[in-house]
Amino acid sequence: MRTFILLLCGMLCAAFCFAQDNIHGTVKDSLGKSVPFATVNLKNKASNTIVAYTVTDTKGTYNLTRPSGQNPDSLLVEVRSIGYKNQWKAVSSTVDFVLQASINQLQAVVIKSNRPVLRTSGDTLSYKVSDFSNPQDRVIGDVIKKLPGIAVAADGTISYNGKAISNLYIGGDNLLDDKYNIATNTVPQGVVDQVQVIQNHQPIKMLQNKVTSEDVALNLTIKKGAKLQLVGQESIGAGLPGNYDVDLNAMMFKDQYKAINYLKGNNTGDNLQNDFLSHNLSSYLQKINNDPPATVLSLGTVNTPDLAENRYLFNQSAAVSLNNLVNLKKGEQLKVNLYYVHDNQHQDYKEQTQVYLPNDTVRYSETEKNRFRPDILHSQFTLNVNKDKYYLNDILITDYSRKTDYSGLNTNGTALNQTFTDNTFDFSNEFNLMQPLKSNNIVEFYSYISHVSEPENRTIDPGFNPAVFNNGNPYAQLNQTVNIPTWFTNNYFSFKIPSDYFTQSYRTGFVVQSQKLVSDLDVVQSNNVINPASDSSANRLNWTRKKVYVEAAYDLPGKILKASLTLPLSLQQISYSDSLYALHKSLTRLYFDPQLHIKYMVGIENFITALYNFRNVIGNIQDIYHGYILQDYRTLYANNADLTERQNQLAAVGFNYRKALTLFFASINVQYNHVASNNIASEVITNNLQQQVVLPYPNSTDSWTVNGTISKYSFALKTTFSSFIQWQSNRLVQIQNNALLPFNTTSETANVSADTKVGEQVNFSYKATITQTDSHSAVEASAYHINQLLQQASVNYNPLDILQFKLSGEHYFTSQQGNPDLKYFFADASAKFRIEKWKTDLELSAVNFLNVKTYNALYLSANTLTANSYTLPGRVVLLKVLFNL
């Protein structure tokens, strides 16, 4: 009996322990670093089925509970993690793993749920184009704007989950840099297999896993069949009233050679200059510390209509674009990008402007007929060597443009004619070399040099405002000329020290900018004698900016925590002089401009970002000239202060959420920007002229921006739902007519959209955007509120494979207290028929078939309210022949 009792107790104890045993341990890599978010499975040896599982925490530890009834000898523990080899071990109370990195390419994780299919592989997310395309989609840009999590702005800028992309690659090659409108408006969607989103994109192979990057890039993977042949998607159209539209292109997407070459021309409102928009130019110039002079003169102050450009643009455009890339060897490329644009645009508008001041309201009434004739030539030659142990990049760019603009103007009852010529020549060369040493440290040499010259000349006749410009005497013509030839160079040497945990980078270099501002405001008398408009209407300003800098940067390219800290210290010396005004000044400053960026993964797909940036910004040559320049026909500008110095502090936090399994994307971002300045612009505003001068007066500008995005694909409805909301607040001060006026302008924007497939034959899309703008100040009359609503909808119907119909419309609504509501509806229609025998499509389209020929709009800025009326082209009917090479 005693033996039986002892045996029974032992069996109960063993069963209790068997049911309650826990398995725990740690998962590390070969360097001893913790591996977070690794999958730990408890599997049955015989059936290979999973009986329990868990995921390692941020420290690489895990805990598994062994189910009751499972013999430990029949089980094993398995660990899986992307980038490492799978590993198995026998069961015990403590099971630790040391994973070895996988030498093979990461196997893609395929997430399927009927349709569509979404693939993830590391930092790359892939959309299957065929899952989101419709028969009406002609180019890849038509499909990209439908993808969940991706948004496309009116100018073609592509954003993923609220962040603008840095580049768009084709088959992994950088054919177009950031001028990716060329691809989205030209590449046929039928040749693209997948659109890939690459997060944390580091384009330099040598720096991957060493220097962090927050860039997001897109890559278009090309179908195998399309790689083997010349691709072309041609269209030729003609219609009424006297319209034409031609698009002839030839493309190649081989692994060794890629090309997009085309000839385009139209007078239907398609602005071909938009194809060559450089989406990241401002951030690039800031990165290399280049501040090229902006165009000084203009014909007027008209606002751009808040319409789709093809609704209001009168044009006669032609463009040739040649983009060719050759892979010489593995990792070695030669690229040539050339384009030429010729256009002849005209614009007719009326403008009523009211400027609300404490004791007065200034009003302008203007009617203007403008003609613009630009000729633009661009060339770029790039040699790129991008290997694991060597990097070289050399880019030579030249730009030449010749613009001749004309304007017939009537301002407050005075008729004027204007002619404006603007010729620009610009060249630059950027050289970058990186190479590792035997110690695995990396040395880098960088050199950038550029020169730009832009002579501007604007004439106004007959004699405008003689009381101001000619002592009250009549005269024939007013002539303003400006040119700011500029040399700029930035050179540095850097040394990078990679390690297992972080990378140190140290840089030292110098910047030199040399400029000369030459301007004259002359009066041509009735007897053709030319006189200066006044004794302070000319400038001969010389400017030199020198900067020596050192910089330390630290990158933590972790899997959970990514951080980048930059600590630049610079000594800047600026000197400027103008003998006409006995001006000889210099400024020497020591600046410290730190920046910290943090990205913390709170899950496998979700992360938090934080940014702080402090920048000292010095004004430029266009802030300190003392002689007056007539920038447009009613803005006379000069300066009477020392060089402007600004301290810019930027802080931002954000949260990004992604659930690839359900195609759900969301983000929220908050940004605060504070700018303190030692100078302020003071304006004296009258009924026919605005005189502006810069004065010494400390002031600041504060702005808040809060925005959020949501994008979700509904499998049941086959619909992509998206929404965006943004709130902005700006506080600033102005001096107008000797009164200090604080302003607070707030705007709220929200939009919702849906793009759906009702069935194989019908699909439609809808988008609504609401904008509210408020401006308040101490001046009671300048407190205004404007509401705007834009609705866009389209329906596509395909009764047969060879027949397609499309109907679309846009509704604009504007409401502002004290003014009648503005309502406009535009409608378009098209029908496409395919002739199978000829493999050709015939398309008949009618744009703006309701023939709306006038558009009115309201604009609010601080204490200025502007009401514009634009002449529109009206109805355009076009018959196109479309075929493929």
Side-chain angles (χ1 to χ4, degrees), residues 1-112 119-123 209 499-502 556-562 600-607 659-661:
M1 178 63 69
R2 184 171 60 186
T3 303
F4 175 75
I5 292 173
L6 290 173
L7 181 61
L8 181 61
C9 290
M11 292 175 62
L12 291 172
C13 219
F16 177 80
C17 294
F18 184 79
Q20 299 296 323
D21 275 357
N22 285 337
I23 305 169
H24 62 274
T26 60
V27 180
K28 298 182 177 180
D29 61 16
S30 58
L31 299 176
K33 297 168 64 175
S34 300
V35 179
F37 306 126
T39 302
V40 184
N41 299 320
L42 186 62
K43 303 180 73 172
N44 186 290
K45 292 180 181 179
S47 63
N48 200 35
T49 57
I50 298 174
V51 297
Y53 74 93
T54 187
V55 176
T56 59
D57 60 18
T58 56
K59 297 180 180 179
T61 62
Y62 72 92
N63 259 300
L64 273 173
T65 300
R66 187 172 54 192
S68 60
Q70 295 284 345
N71 189 331
D73 294 333
S74 67
L75 302 174
L76 56 84
V77 182
E78 177 194 54
V79 174
R80 292 173 175 265
S81 182
I82 294 176
Y84 298 96
K85 295 179 180 179
N86 298 340
Q87 200 173 120
W88 302 265
K89 285 190 178 183
V91 172
S92 63
S93 59
T94 302
V95 185
D96 295 327
F97 291 87
V98 177
L99 302 183
Q100 301 296 321
S102 174
I103 61 175
N104 298 320
Q105 184 177 0
L106 295 180
Q107 185 177 358
V109 179
V110 181
I111 303 168
K112 297 183 179 180
R119 293 176 173 83
T120 62
S121 179
D123 287 331
N209 300 319
S499 67
D500 295 336
Y501 299 100
F502 66 94
L556 178 66
K559 294 186 177 180
I560 303 301
L561 177 64
K562 298 178 185 292
Y600 180 74
M601 302 296 298
V602 295
I604 296 178
E605 297 181 287
N606 312 322
F607 58 87
K659 194 170 183 181
L661 183 64

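None of these values were measured; they are calculated from a predicted model. Atom set for the values below is all heavy atoms of this structure, side chains included, hydrogens, waters and symmetry mates excluded. Numbering starts at 1 and runs along the sequence shown.
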Please identify each residue that fulfils salt bridge (charged side-chain N to carboxylate O under 4.0 Å, His left out) with Lys562, with sequence neighbours left out.
none

Quick check: closest heavy atoms across [X] and [Y], and the distance to 0.1 Å?
{"X": "Lys659", "Y": "Glu605", "answer": "CA-OE1, 3.5 Å"}
{"X": "Asn209", "Y": "Pro557", "answer": "O-CG, 3.6 Å"}
{"X": "Lys559", "Y": "Met601", "answer": "O-CG, 3.3 Å"}
{"X": "Leu64", "Y": "Val40", "answer": "CD1-CG1, 3.8 Å"}
{"X": "Lys85", "Y": "Leu99", "answer": "O-CD2, 4.0 Å"}

Can you find a pair of side-chain heavy atoms, one from Val35 and one from Phe97, that are under 4.5 Å apart?
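Sidechains of Phe97 and Val35: no contact.
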
Could you tell me whether the side chain of Thr39 reaches within less than 4.5 Å of the side chain of Tyr62, counting heavy atoms only?
no

Pairs flagged by side chain to side chain donor-acceptor pair (under 3.5 Å) wherever residues 28-38 is involved - sequence neighbours left out
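Found none.
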
Would you give the length of the straight line joining atom [atom1] of [X] to atom [atom2] of [Y], rounded to the nearest 0.5 angstrom?
{"X": "Ile23", "Y": "Ser93", "atom1": "CD1", "atom2": "OG", "value": "9.0 Å"}
{"X": "Leu75", "Y": "Lys45", "atom1": "CG", "atom2": "NZ", "value": "8.0 Å"}
{"X": "Leu42", "Y": "Thr65", "atom1": "CG", "atom2": "OG1", "value": "10.0 Å"}
{"X": "Asn41", "Y": "Asn86", "atom1": "CG", "atom2": "CG", "value": "9.5 Å"}
{"X": "His24", "Y": "Thr94", "atom1": "NE2", "atom2": "OG1", "value": "3.0 Å"}

Testing Ile560, Val27, Asp57 for side-chain contact (heavy atoms from CB on, under 4.5 Å) with Phe37, which one passes?
Ile560

Does any N or O in the side chain of Lys89 come within less than 3.5 Å of the main-chain N or O of Val79, such that one atom is a donor and the other an acceptor?
no

